[in-house]
Amino acid sequence: MIDKTTSLTEAAKLIKSGATLSLGGMNLYRRPVALVRELLKTEVRDLTLLNFTSSYESDLLIGAGRVKTLRTCYCGLESFGLAPMFTTLATAGKLQLIEETEASIAFGLRATLAGVGFMPGQGWIGTDLLKVRPDVKVIDDPYTGQPVVAFPAQQVDVAIIHAPIADRFGNARLLGNLAIDQELSLAAKCVIVTAEEIVDELDAPLEMTGLSVTAVVPTPRGAWPTSCYPHYPLDGEEILRYIDACAAEKFEEYIAASTR
Amino acid sequence: MTNYSSSEMMVVAAARLLRDGDVVFVGIGQPNLACNLARRTHAPTMNLIYEAGVIGAQPSHLPLSIGDPCLVSGAASICSMFEIFAYYLQNGKIDVGFLGGAQIDRFGNINATVIGPYAKPKVRLPGSGGAAEIAAWANRIYCLTPHQARRFPEKCDFITSAGFLSGRKEREAKGLRGGGPQAVVTDLGMLAPDENGELILTALHPGATVEQALKNTGWKLKVADDLTTTEPPTDEELRLLREELDPTGIYLK
């Protein structure tokens, strides 16, 4: 197997302007914040973010004007409230939004993994989601005749997944909440794993095999201020500091200080 | 009797809706408190499934985030979000879903997407999360929300999650398998669907009046013939909430 370890700077070069990027983890856990900060030092823009849920890590990219389109089912800071830059820019119509739900993303990735164009489900029937996503078709189940929603396959160029432990080859353990990281690690064309700790070689059980991993980056505290079980909990103080900075219109200063 | 706050009354009223043995899809915030209160009182065998993929969670304290490690330790199983939605929720294994939203309308439809027109929003909201699917598939949906007219419009600006749509008949015709909204707990009392799926006032918390409920609802709220008064929180319920579940008062002011 090939040693795939590299640096944050080199890994960030795998993300090109205009790419569809997925940030692993969910809400405020195991988000690849360190690599997002590295990305903010580059000129990458016009990204499509395809996130299961979006939170602090995405708000940084959105606020910095790097995101053209956001496909997600949730952008917020959980108990801490609204994601400030997303809320401001989306309300002002300055961010293109594609409505998703947890099932449309999870099912769409499964369709990609199955090599088919869609995966059926029933979730959106009766809602206005279908009105704002005319590309999503409702079809008749060929066996029961019942209407089902044909959730389209989701295509991802680059996925960044932060793991508590990985090896040189990209095998990784997630040791807790999985979000959709296993699916992402197989569906994305390019997968970057940042990890708290890199060891020579991991054995089973693994939650992610290195099979489709492109790059592995040793990144201690790489998810901070989001949590990375069992290494560190969510740093709520930092989330509050971010919210306060945005409220004081000091987003630029916040970013400058945190990417120094 | 001990003094209690309106948010404590809401959480206690919501906890009492839960049944022992329920499999509950839990979010963060007040519903989480209600579930953990029920688990420590009348529903010890309730199974808590957290929206990050954790099944059978036994949190020692209240999580601020669904990724909180306290949800992972001691849990029965951890699975991917696809498995949660496809194998558990869509497969009818979830009894209860708690949903929030900026607006809940007369037929229990919920808006978590946008206030104002979709193309030109007054405020963009965080979005559905898994709510659209939970509303469709969980057997019973409960909501916890402050009783304010702007939160209870005649019709939602955007239907993120289906309640009864235009009435029970439409929900049924659309083939949505879950039972839809069963109760909305507010700081004034409780709304529940009538035979048509319209939310009507079925209970008032102690001290609240019908006039307050009417004034703070955006449609002409009907009052149930058998309107009841909620039993105030017991000393034990308050002790659990204040000393064990939310000792620093994050969710209960």
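Just so we're clear, the structure is a prediction, and the values are computed from it rather than from any experiment. Note on naming: letters A, B, ... go to the chains in the order of the sequence lines (proteins, then strands), and numbering restarts at 1 for each one.
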Chain B contact via Q182(A) - which portion, at a heavy-atom distance below 4.5 Å: side chain
Validation row, ring centre F82(B) to ring centre F107(A) under 6.0 Å: yes
Distance-minimising heavy-atom pair for F158(B) and L129(A): CZ-N, 3.9 Å
Modelled atom types, side-chain donor and acceptor of T101(A) and E133(B), under 3.5 Å: yes
Shortest non-hydrogen separation from D157(B) to D128(A) and the atoms involved: O-OD2, 4.5 Å
Closest approach of I159(B) to G126(A) (non-hydrogen atoms, all atoms of both residues): CG2-O, 4.2 Å
Test salt bridge (Lys or Arg N to Asp or Glu O under 4.0 Å) applied to R140(B) - qualifying residues, sequence neighbours left out: D22(B)
Residue selection (most heavy-atom pairs with chain B, distance under 4.5 Å) from A103(A), G121(A), S104(A): A103(A)
Proximity of residues 169-184 of chain B to chain A, residues having a non-hydrogen atom under 4.5 angstrom: K174(B), G175(B), L176(B), R177(B)
Winner by heavy-atom pair count (cut-off under 4.5 Å) against chain B, out of T226(A), I125(A), I180(A): I125(A)
From W124(A) atom CH2 to S128(B) atom OG, the distance as rounded to the nearest 0.5 Å: 8.5 Å
Contact leader toward chain B among G76(A), G93(A), A83(A), C73(A), where contacts are heavy-atom pairs under 4.5 Å: C73(A)
Inter-chain contacts: residues 84-92 of chain A against chain B, heavy atoms under 4.5 Å: F86(A), T87(A), A90(A), T91(A)
Rounded distance (nearest 0.5 Å) linking atom CD of E102(A) with atom CZ of F85(B): 4.0 Å
Segment of S161(B) engaging chain A (4.5 angstrom heavy-atom cut-off): backbone
Most chain A-contacting option - heavy-atom pairs closer than 4.5 Å, from A132(B), P126(B), G127(B): P126(B)
Leading residue by heavy atom contact count with chain B [cutoff under 4.5 Å; candidates D181(A), L97(A), L174(A)]: L97(A)
Portion of A136(B) that has a non-hydrogen atom of chain A nearer than 4.5 angstrom: side chain
Those residues of residues 117-125 of chain B, ordered by number, that approach chain A below 4.5 Å (heavy atom to heavy atom): Y118(B), P121(B), K122(B), V123(B), R124(B), L125(B)
Atom pair CG/CD1 of L178(A) and I84(B) - distance to nearest 0.5 Å: 9.5 Å
